[in-house]
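Every chain is numbered from 1, with letters handed out A, B, ... down the list of sequences. Everything quoted here is computed from the prediction, not taken from an experiment.
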Protein chains: 2
Amino acid sequence: MTTRDKLLAAAAEALARDGLSGVSARAIACRAGVNQALVFYHFGSVSDLLEAAVRRSVDLAVASYRDRFADVGSLGELLALGRDLHRMERRRGNVAQMAQVMSGAQRDPILAKAGRYAMQRWTSEIEAVLARLLPGSVVEGLVDPRGLARAVAGGSIGLELYAGVDRAGAESALDTLDAMGAVLAALDDLGPMATRAVRGRVRRVIG
Amino acid sequence: MTTRDKLLAAAAEALARDGLSGVSARAIACRAGVNQALVFYHFGSVSDLLEAAVRRSVDLAVASYRDRFADVGSLGELLALGRDLHRMERRRGNVAQMAQVMSGAQRDPILAKAGRYAMQRWTSEIEAVLARLLPGSVVEGLVDPRGLARAVAGGSIGLELYAGVDRAGAESALDTLDAMGAVLAALDDLGPMATRAVRGRVRRVIG
DNA sequence: GTCTATACAGAGATAGAC
DNA sequence: GTCTATCTCTGTATAGAC
């Protein structure tokens, strides 16, 4: 393992565990077991190191789910995968990492770039699946796959932050979202005649 | 306006505008037009000042919506109010403020207390309305009012952070959530017989 | 209550020996 | 590529005059 890789791994870990205010060139280098000056030699600045680390994390994570995304055949299955994915990415610290980067993005344009990249990677992956599954469902034409993908990814970040101040509260929020998703998935399963009826009704009310 | 109040207002502004990494005793005092040492005289530490500022912001904001929450009579109206509220609170910077506090909460227990308090205030307000409106709707017994309130509040935080790195993306996410809410509100309006049919179907599928 | 001055810790970053 | 040493800046916090 090269020093570069050690720094990348340590940066990702530090960001997830200690948050933005807990990361510094010194803290990261210490965690990596190397000298502090090497952060600047290899990456130029702490922000640039963090950006590289986030890109690497998200690239690895997205790749590890590619197959499972491709296998999803229904909204119910997608829901189950989403629950799995969120749980796993939380355990890996990737959601926390994202949350910290996005909150730092307000001030630091380099972190903003990293956050934008990460969100784009996740949302485009989710969007592809939704674009495949939504047509034919009750909400076809009513719900935009891209917008929904973005809402899911963005909302996950918020729930992770919420979990940081109230674990049980965030869990109950996730359970409820699961339930609501299940309702939609069940509606999706109503049969063609009922689906048309519901859809028509919704269209009339929304206008 | 007392120095204390000037500091509270300046802290809230600084947090919303510049983010956690942009706030410091010096930055806040400068914005308030007072001396830096007064932060410590009046509040003891920067974190304690931030906590007080957040509590004040959320208390004011929640109070300003109390009447409108009480007037809501249907899920459709609640949806419209929610959209209004989120837009207004964003403009006031209160959502950004919350996002920063929650991301700093990972490291700082005082900020964690502030974040917990703020979330609790918002969610209990939303929960009360939902508890009044959900009974009789399609999702009665399937969706927990408290969990949904928490999901909405938590999700808003995430979408605000997302807006910080991709404004247009976050807008499209919000639009889509509006659309999904409208679908649920429309379902709510199906009439008793259809409602029973859908509910039964959903119950069978979910188990 | 408010100010000046200052102690002190930790940050980012660079220079230069090895 | 890696290390030591160091510069400089910014932050928190306190002491003490007014």
Is a side-chain N or O of A:Arg132 found less than 3.5 angstrom from the main chain of A:Glu127, in a donor-acceptor match?
-> no

- Do A:Ser172 and B:Arg150 have side-chain N/O donor and acceptor atoms under 3.5 Å apart? yes

Expected rows: protein N/O vs nucleotides 4-6 of chain C N/O, under 3.5 Å:
| residue | atom | partner | partner atom | Å |
| --- | --- | --- | --- | --- |
| C:dT4 | OP2 | B:Asn35 | ND2 | 3.1 |

- Item | Donor + acceptor pair across side chains of B:Asp84, B:Tyr65 (<3.5 Å) | no

Counting only N and O atoms by type, is there a donor-acceptor contact under 3.5 Å from the side chain of A:Gln100 to the main-chain atoms of A:Ala96? no

Per-pair distances, 0.1 Å, donor-acceptor, side chain in residues 29-38 of chain B, under 3.5 Å, sequence neighbours excluded:
| residue | atom | partner | partner atom | Å |
| --- | --- | --- | --- | --- |
| B:Arg31 | NH1 | B:Glu13 | OE1 | 2.9 |
| B:Arg31 | NH2 | B:Asp18 | OD2 | 3.3 |
| B:Asn35 | OD1 | B:Ala37 | N | 2.8 |

query: Would you find more than 12 non-hydrogen atoms of other residues, nucleotides or ligands less than 6.0 Å from B:Arg146 atom CZ?
result: no

- Give a yes or no on this: more than 12 heavy atoms of other residues, nucleotides or ligands lie within 6.0 Å of atom CZ of B:Arg17. no

The correct set of residues in residues 100-108 of chain B placing a heavy atom under 4.0 Å from DNA chain C is none

Sorted by number, residues from residues 39-56 of chain B placing a heavy atom under 4.0 Å from DNA chain C are B:Tyr41, B:His42

| request: Decide side-chain contact (heavy atoms from CB on, under 4.5 Å) for B:Leu8 and B:Phe43; before the verdict, give the C-alpha distance in whole Å, the side-chain angles of both, and the deciding distance to 0.1 Å. | output: CA-CA 10 Å; B:Leu8 284 170; B:Phe43 296 94; 3.8 Å; yes

Those residues at least two apart in sequence (or on a different chain) that pass salt bridge (charged side-chain N to carboxylate O under 4.0 Å, His left out) with A:Arg55 are A:Glu51

Check the side chains of B:Asp48 and B:Ser45 for a donor-acceptor pair under 3.5 angstrom, ignoring hydrogens and angles. yes

Contact span of DNA chain D against chain B, any nucleotide atom under 4.0 Å from a heavy atom, 5' to 3', runs D:dG11 to D:dT14

For the residue pair B:Asp175 and A:Asp144, establish whether any side-chain heavy-atom pair is separated by less than 4.5 Å.
no

- Do A:Met119 and B:Asp166 come close enough that some side-chain heavy atom pair is under 4.5 Å? no

